[in-house]
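To keep things clear, I will list the structure first and then write my remarks on it.
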Amino acid sequence: MKSRKVSKDWALVTRFFEQTLSSVFNQSNDSFRVFVACHDIPETRFNDDPRLTYVQVDFPPPLYKDEFVVDKHKKREVLAARLRAEGGGYAMDLDADDLVSRRLVAHVLNDANPYGYVVKDGYEYDYGRQLVRKAPRFNKLSGSCSVIRWEVEDLPEIPYRDETTLFRETINNFHPTHEALFAGKGRPLAPVPFRAVAYMMNNSENISVQTGNVGWRRALLRRFTPAGPVSKEFAEEFGLKRTG
């Protein structure tokens, strides 16, 4: 999660993050835990839930836009070390303003692919205009696109120090390459058979927007894919409190 110091509006960042938590805690199967790497602990209605753990980092927040991605990767390393301490298992990197389908945890645990999953079809949720459009090739558009089953030896024991782990190799490569990376290692990710994630746009606090990393794929999506109003079904599946 981004720090208060680099946020334009910390209250808005917290609101979007709470919406993400709402989608996660809306799961039909509650056999999951949430770990949040952060500088500042936000106040949300979920903070007393025992499944939620904040892992505060002790390095300074980024000063410049070029450092935002480094900050994100360092926080991911902190969480990877925590996952190793917990014994490994399925884990999903989820941006603090994205939404997940309430069916995702149940599918992963019931299907139990030994290597994990890739989300190839999802949605784009336009917060500012309250519109939704389908997003094919989702794993090329958003980093919140995989649920990977990590073995203990894949993960760092101490953050930032071991450059030889599979986890480090994974985050050093962009998310559009992850499916091929794991297939090449004989650990193919299975596609999730439904639209499992929605990334948010037009919310003013998104890191991709702030760093200018919107991407040509998203630009093409918006040009050629129609959008419609947020439906009751979408709101219920993604734990979304509609504003209109």
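Keep in mind that what you see is a predicted model, and the values were worked out from it rather than measured.
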Would you give the length of the straight line joining atom [atom1] of [X] to atom [atom2] of [Y], rounded to the nearest 0.5 angstrom?
X    : Y    : atom1 : atom2 : result
L12  : S7   : CG    : OG    : 9.0 Å
F238 : Q19  : CZ    : CD    : 11.5 Å
L166 : L181 : CG    : CG    : 6.5 Å
T165 : R84  : OG1   : CZ    : 9.0 Å
N29  : N110 : CG    : CG    : 7.0 Å

*I171, N173, N172 screened by side chain to side chain contact (heavy atoms under 4.5 Å, CB included) with E169, the one that passes*: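 With E169 as partner, I171, N173, N172 yield a single side chain to side chain contact (heavy atoms under 4.5 Å, CB included), made by N173.
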
- Report the C-alpha separation of L79 and L83 in whole Å, then their side-chain angles, then the decisive distance to 0.1 Å, and conclude whether the side chain to side chain contact (heavy atoms under 4.5 Å, CB included) test is met. CA-CA 6 Å; L79 293 180; L83 180 61; over 6 Å; no

With no hydrogens and no angle check, is any side-chain donor or acceptor of [X] less than 3.5 Å from a backbone partner on [Y]?
X    : Y    : result
H178 : S146 : no
N139 : C145 : no
R149 : Y115 : no
S144 : D95  : yes
D98  : L94  : no
K134 : Y123 : no
E67  : L63  : yes
D154 : E151 : yes
Q27  : S101 : yes
Q130 : Y127 : yes

If we only count heavy atoms from C-beta on, is the [X] to [Y] side-chain gap below 4.5 Å?
X    : Y    : value
R51  : V34  : no
Y90  : I148 : no
V197 : L99  : no
P176 : R137 : no
T20  : F16  : no
V132 : D126 : no
L104 : V192 : yes
N113 : L189 : no

Identify the two heavy atoms, one from [X] and one from [Y], that lie closest to each other, and give their separation to 0.1 Å.
X    : Y    : result
K120 : P191 : CD-CB, 4.4 Å
T53  : R33  : OG1-NH2, 4.0 Å
H107 : Y117 : NE2-CE2, 3.8 Å
G239 : S22  : O-OG, 2.8 Å
L155 : G88  : CD1-CA, 4.2 Å
L141 : H175 : C-CE1, 3.7 Å

- Query: Would one find more than 12 heavy atoms of other residues, nucleotides or ligands at under 6.0 Å from atom CD of E157?
  - Reply: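 Open.
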
*Do L131 and Y125 pass the side chain to side chain contact (heavy atoms under 4.5 Å, CB included) test, and can you show the C-alpha distance, the side-chain angles, and the key distance before you say yes or no?*
CA-CA 6 Å; L131 297 174; Y125 167 49; over 6 Å; no

Quiz item: cation-pi between K74 and Y160, 6.0 Å / 45°:
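Judged by the rule, K74 and Y160 form a cation-pi pair.
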
I'd like to know if [Y] and [X] are part of one continuous hydrophobic network [Ile/Leu/Val/Met/Phe/Trp/Tyr, side-chain heavy atoms within less than 4.5 Å].
X    : Y    : result
V100 : F194 : yes
V70  : F68  : no
F17  : W10  : yes
F25  : I41  : yes
Y54  : V24  : yes

One pair to check against side chain to side chain contact (heavy atoms under 4.5 Å, CB included): D121 and F138. What are the steps and the verdict? CA-CA 5 Å; D121 292 289; F138 187 86; 5.6 Å; no

query: What residue pairs, at least two apart or across chains, pass salt bridge (charged side-chain N to carboxylate O under 4.0 Å, His left out) with a residue in residues 100-111?
result: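 Every salt bridge (charged side-chain N to carboxylate O under 4.0 Å, His left out) pair that includes a residue of residues 100-111, provided the two are not neighbours, is R103-E237.
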
Worksheet item: Stepwise, does the side chain to side chain contact (heavy atoms under 4.5 Å, CB included) test hold for L52 with L21?
Response: CA-CA 9 Å; L52 174 62; L21 290 180; 4.2 Å; yes

Exercise for review: Scan side-chain atoms only and decide if N47 and T44 contain a donor-acceptor pair under the 3.5 Å cut-off.
Suggested key: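 There is such a pair (donor and acceptor under 3.5 Å, judged by atom type) between the side chains of N47 and T44.
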
Looking just at side-chain N and O atoms, do Y199 and D97 make a donor-acceptor pair shorter than 3.5 Å?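 Checked: Y199/D97 side chains show no N/O donor-acceptor pair below 3.5 Å.
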
Strictly below 4.0 Å, N to O, side chains only: are D162 and R168 in salt-bridge contact?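 Answer for the salt bridge query: no.
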
*Under the side-chain hydrogen bond (donor to acceptor under 3.5 Å, both in side chains) rule, what do K75 and H39 come out as? Steps first, then yes or no, please.*
CA-CA 9 Å; K75 287 173 178 171; H39 288 91; 3.3 Å; yes

Quiz prompt | salt bridge (Lys or Arg N to Asp or Glu O under 4.0 Å) between E77 and R161, intermediate numbers included | solution = CA-CA 10 Å; E77 282 259 345; R161 294 190 184 180; over 6 Å; no

